[in-house]
Amino acid sequence: MTILQVENLSTYYKTDRGEAQAVENVSFSMKKGEMLGLIGESGCGKTTVAQSILRLIEYPGRIVSGKAYLDGIDLLTAKQDELEKLRWKDISVIPQSAMNALNPIYTIGDQIVESILIHEDVSKATAIKRTEELLEMVGIKKNRFKNYPHEFSGGMKQRVAIAMALSCNPKLIISDESTTGLDVLTQAQIIALIKQLQKDLGLSIILISHDLPMVTSVCDRVAIMYAGKIVELANTQDILKHCSHPYSNGLLNATPDLSNPDKEVVSIPGSVPDLVKPPTGCRFYDRCKARMNVCKEESPDLKEIRPDHFSACFLEGGGYYHVQ
Amino acid sequence: MYKFKFLYSKMIQYVLVIFLILTLNFLLPRLMPGSPLAYLAGEDVGLMTSEEKQKILDKHGLNDSITTQYIDYLSNIFTGDFGFSYQQKVPISDLIEDRLPWTLLLTGLNLVISTILGVIFGAMAAWKRGTKTDINLLTGFMFLSAMPSFWIGMILVSLFASKLGWFPVFGAETAWADYQGMERLLDIGHHMILPLITLILISVTTTFMTMRYSMLNVLGEDYIQMAKAKGVKEKTIKYKHAMRNALLPVATVFMLSLGFMLGGATVIETVFAYPGIGRLMFEAVVSRDYPLIQATFLIITFSVIIANFIADILYPLLDPKVGKENG
Amino acid sequence: MDKEKWRSYWKTLTSSNLGLIGIGILITFFFIAIFAPLIAPYDPSERIAPPLMKPNGSFLLGTNDVGQDIFSELIYGTRVSLLIGIIAALISIVIGCLVGVVSGYFGGKIDSLLMRFVDLILVIPFLPLMILMAAFVGPSFWNIILVISIISWASPARVIRSQVLTLKTKGFVEAAKSIGTNISTILRVHILPGVIPIALAQFVMAASHSILIEASLSFLGLGDPFTKSWGTTLYYAQARGAFLTDSWIWWILPPGLLITALVVGFALTGFSMEEILNPRLRKGRS
């Protein structure tokens, strides 16, 4: 069953030089209980996709077009009061940096209780009890309910943020670079916790990250973004074994592999195109090793090259056989 | 305990300030060119016989060693003895007792009202940043802060008291009227309106600017986005999440502007002939009553320090980081 | 900063409307101050007419209580107010720079000592302190400047210190230190160019404050009675009860408007200078 269906989403940011096409024509869908990884380098638009779905884009940004159906309701056209009801009840976030996402002057318990009370018609006592359960679930003792954010470490705050995201049993959770700023060990613990909860509670999660090995280790499917577009979308095994798009290949080659220490790490030469004046053709053209004439003129659409494996490349089979 | 450490370090600072101004006060008449006599006994010192001069010198212990003088000076101050006003021919402490309540009333009200107004307008401007409301408020407050405070008062008196006759021209209550109870209260209120409005007009800008800037910063914080994502209502975000946080820097500025407000009261009380400490200082300046100038300065500074200290004690209520242990 | 940088700085300054208005106001006042003898119809110290005349053809703003021309008094007053403001601001900024740079660059004990002292000064209500000192040193042009600047350096010192601290952590200063460049060269080549623009903006702001403080002190009768500033004019207007009659319109209103205009001129210039230095403000979002 499809829980989220995003169609032709475009979001632009106004800059001094004109509008930057931060997200251009992005479409994807995800199934209930699935963990979808959204991956790409900094500035590729992955966070903008998340914020667009959450309708948190503010001036100078704007959603230009598109639909995002969450369980049949289009989030992008929902009215303000509908939106306030939908948020958190149906879709919640584990934010980019929990250090700053918790209000410094309220206790963490109060902040979780607040989100429950907004959306559910329960007594305060019930909300407090649920909050304590949630805290225990993410590995925080319930007697820390009355502590303020500054009394927690970064990893602990992230756990609080996870508990908060779970507080209204949402249909979809977006984890937006939730582990940035944490040390490697804590990162691994947090990701393991998210994965565990996803399995136990059957959650649907979009995991946004730039860390390819981490995403492929926990996600069912992976979408790779480049310069505001999804270039490849497939289940994790297909991405790892039959990676097709030249950019995805570059990304894989640029990542060290612990199981294969002899692997040579190759970075992708060149830099990301200017999104204010994006190339008419493929956005990866300048840096692509397998580029053709057509790539300069036309922009490739995402097409299914194998069952459930999509790639946006003009090469036959999405480029798979040519880049090997 | 973090809170006590914080208060402790503040207290040291205030003790140092008091020490500094007391020393300055002690040294000023003794370091200035000419005999300190003129500063202690008035300018008709030239007409005195040498015997009379000697008497005054003895009375003030000016023939003692400088350390003895200093110790005497300090012990006098701490027992509430600020010396004698040779112009008004009364002990200075009596004058202060008469005048201080009026100043406290005026500045106290000003403090509360201008802070509330500044916070409200500042939050409003930040919430509507870049809009006409914001720009109008900014421009208005900028012009206001460019005007000399006493001049605003003078214009208000000329217009509303003298020309239109809506308010009394000077004083804190009608002289010789001998009103009682409610009547007296109304009379005092009537006299206070213009000086109070003037003080508010000159004080509100600082709070407004600070609140606006701080609110803008807070609105850009992740936790505001988070509150939105949580589906918190706009109003709740504004008042519960944003404003409370934005108040923290305002509290700090609030303390710094206490001195400004009391200083402002000096000139405003002068314009309205309002019988407070500030007006007393002006009277002392005009008649070159040096002991009185010094005493009023001390009282004003003491008030600022006491108010600061109270604010320091209350501050942790706003900011949990200061309020709790191991902050 | 080199010449090129100054030029672009000036260009940005004049390209903002507010900055342009500010500079325009300042230039006008400088013009009035310099050519005061040519603009003013009379010698402001001379009693040339009956006292307390209403404005008329030959006395634009009437005469004061001793029969001096108020208009001429205000024209000459521009010199006094502007000069006191600028000199006092200059002295406070020089002291502020010295303290700020020493404190920021050397850090440690000197820093904490100096900043502690700055904090102490900032707690004392500055206007009463200035009144106290002005009363003791007596009313004169230079004494007013002395009193204002001896207290006003504290807050610029803080601003400049934090700028020095930022500069100090920049790579090129650490690099220069590590290759053994001597202190005076580091200060001259690396620190000062970063401090000067900030100091300039602070100077403009300090000038606007000094003008207001001077007006207050003069209004309290602590101004030099022989070189009348706008504040002194207001002191006499108040003392002679101008607010009781219609004469407030030409005796009280104009000097206050002049002070406001000059302060606005400095403030606008200062704001746009700070905006250039802090591009984050320019965008209007934080």
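Please read these numbers as outputs of a predicted model, since none were measured by experiment.
Smallest separation of non-hydrogen atoms from B:Ala229 and A:Trp88: O-CE3, 3.1 Å.
Atom CZ of A:Arg55 is separated from atom NZ of B:Lys228 by 12.0 Å, given to the nearest 0.5 angstrom. For the atom pair CD (B:Gln225) and CG (A:Asn100), the distance works out to 12.0 Å, reported to the nearest 0.5 Å. Taking NZ from B:Lys233 and NZ from A:Lys85, the interatomic distance works out to 7.5 Å, rounded to the nearest 0.5 Å. To the nearest 0.5 angstrom, A:Ile112 atom CD1 is 8.0 Å from B:Lys230 atom NZ. For the atom pair CE of B:Met226 and CE of A:Met164, the computed distance is 4.0 Å after rounding to the nearest 0.5 Å. In this structure, NZ in B:Lys240 is found 7.0 Å from CG in A:Asp110, a value given to the nearest 0.5 Å.
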Handout entry: Check against side-chain contact (heavy atoms from CB on, under 4.5 Å), B:Arg244 and A:Tyr106
Key = CA-CA 10 Å; B:Arg244 273 266 337 249; A:Tyr106 295 108; 3.7 Å; yes
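With a 4.5 angstrom heavy-atom cutoff, A:Ser92 does not touch chain B via any of its atoms. Only the side chain of A:Glu58 comes within less than 4.5 Å of a heavy atom in chain B; its backbone stays farther off.
Comparing A:Asn103, A:Leu86, A:Ile118 by how many heavy-atom pairs each has under 4.5 Å with chain B, the most go to A:Asn103.
Counting heavy atoms of neighbouring residues, nucleotides and ligands inside a 6.0 Å radius, atom CZ of B:Phe143 does not exceed 12 of them.
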